[in-house]
Amino acid sequence: MTYKTILLVVGISQLEDDLRAAADLCASEGAHLSVLVSKIATLPPMGDLAAISAA
């Protein structure tokens, strides 16, 4: 099967190894490589929730 475009979705920790493998695959197939690097953000600190809910 011939690939035209490969989308690689990676996190910050495994970026280098996965990127190298995808780049090698794209080079051998003559395909384009699109990379989306993502990281899940932590929730912001809320402080004292009792003070927020008091009317």
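Numbering starts at 1 and runs along the sequence shown. Just so it is clear, the model here is predicted, and its values are computed rather than measured.
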Give me the atom names and distance for the closest heavy-atom approach of A31 to T5.
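Heavy-atom minimum between the residues: CB-N, 4.3 Å.
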Please tell me whether V10 and I12 are part of a single hydrophobic cluster in this structure, the criterion being side-chain heavy atoms less than 4.5 Å apart.
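In one cluster with V10: I12, yes.
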Reported CG-to-CG distance for the pair L8 and L15, which is rounded to 0.5 angstrom
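Reported value, rounded in 0.5 Å steps: 8.0 Å.
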